Engineer: 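What follows is a structure written as structure tokens; I'll ask about it next.
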Amino acid sequence: MTNRVGRKIYRTNAGNRKRKVQKFFKTLLAVIIIGLLVFVGYSVARPIYEYITDRDTSVAEDPKPWTPPAAEAKNDDAEGDSLISDDGEDADTDGSTDPSEKEVRFSAYTLPVSALKNTDTLTAALNSAKESGYTAVIATLKDKGGKIYYQTDSEMAQSDEAAIVGEMYAVQICDIIKAAGFIPIAKINLLEDNNRYGENRDGSYHFAGETSTWLDNNVASGGKPWLSPFDTNTQSYAAYLANEISSSGYEYIIFDGVAFPPFRNSDLNIIGDIVKSADRYKALVNISNIATGAAEQNGASAITMLPAAGILDGTAEAFKPAELTAKTIAISYMPSELAKTAVIGSEEVALSELSAYDRAYTVFYEIKRLAEGVTIVPVVRQADYSQADFSDTISAFMSLGFDSYIIM
């Protein structure tokens, strides 16, 4: 990301937030925001100003544990998802069944992959999610690294002896989730896959002009292959899994791992022009769209998952809202992965100095602006936060109008 010089927004690191310090920084922020209004423009600065300065920053010493809000009651004459959109306006009610137009409204809990071992472990995990008030659960059916946690009929998956580790079928998992009263959501990692498929490692990156498979390190150091979005075998594999899982009854399918490996310059030269081209991002968009098309063909809604940090620093190459068929993007928000500063609008903001609420609000305000016309679903890992910071982060999402979120 190009360095841009501008005013920085600072926050005190003191934990006690005494009122005198609060007043001092509110006054300081007011002066800075006046500068924002002059140099950035009222339309961009005003929302950030309102939520950073006007919000009550006092924190109770013993905050109540956060639980997801109860799902809103649905119209007696309607079935399925609520017809109220994220911004409070009435959604299209023309009877369209296009999955891409389905409103997203849920609080989802991501099941640990250990819960997919058998019916008993799955039922126990669902009972725990129900006690916490979630309305949806996510079953990771293909995880980062390539492990598959259900019995798939894919010949490519079966060509790697260690790939399939799940004992239940996708439809069986889905039926148990639905019977427990949850919206069933599946998650598939498309490209962060290090399995050795087939005799020739089908789907992997290869040396330019050769059949040799590229590895992300030397063999002695545990080098692994990765699935390549340029490869037709990878594309067929993504379509097969998306079709197989969506036909098993899941309402939503999240496509994660839509990214290239962390190539070194030497790797780029070995693999060749396809990974050095400025248009290489189109291969990521294409693989997401292929999987989306297969899912929507069976009535499931597709969600592409991308990292917040990568969107802000420009490394999330698949973040092309206008080119992605899936019009819902799940944004994984890991504060530890964020740069200390980020350009918001045209101003450099010191993210590391902001409170949990202000940082989440600022980051997602910018992402929402960049992804205009696309539904955003924030994704957070609760273990990364104190209870108070977690509650404040969820509150920031609600302040921005997001009414769906995913907890990992």
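This is a predicted model, so every value here is computed, not measured.
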Engineer: L191 vs T234, test: side chain to side chain contact (heavy atoms under 4.5 Å, CB included). Steps then yes/no.
Structural biologist: CA-CA 8 Å; L191 298 174; T234 297; 3.7 Å; yes
Engineer: Do T304 and S288 pair up side chain to side chain, a donor and an acceptor below 3.5 Å, judged on atom types alone?
Structural biologist: yes
Engineer: For the aromatic rings, using the six-membered ring if either is Trp, is the centroid distance between Y237 and Y197 under 6.0 Å?
Structural biologist: yes
Engineer: Using side-chain contact (heavy atoms from CB on, under 4.5 Å) as the criterion, list what pairs up with S248, not counting sequence neighbours.
Structural biologist: A170, V171, Y250
Engineer: In the structure I gave you, are the side-chain heavy atoms of L116 and I173 within less than 4.5 Å of one another anywhere?
Structural biologist: yes
Engineer: Using 4.0 Å as the upper bound for N to carboxylate O, is an ion pair formed by D403 and R105?
Structural biologist: yes
Engineer: If we ignore hydrogens and angles and just use 3.5 Å, is the side chain of S277 paired with the main-chain N or O of I274 as donor and acceptor?
Structural biologist: no
Engineer: Does any donor atom in the side chain of N189 or E192 lie under 3.5 Å from an acceptor atom in the other side chain?
Structural biologist: yes
Engineer: Checking side-chain polar atoms at under 3.5 Å, does D267 have a donor or acceptor matched by the opposite partner on W214?
Structural biologist: yes
Engineer: Can you tell me if NZ on K144 sees more than 12 non-hydrogen neighbours from other groups inside 6.0 Å?
Structural biologist: no
Engineer: Any side-chain donor-acceptor pair under 3.5 Å between S355 and D358?
Structural biologist: yes
Engineer: Would you call K142 and D256 a salt bridge, using N to O less than 4.0 angstrom?
Structural biologist: no
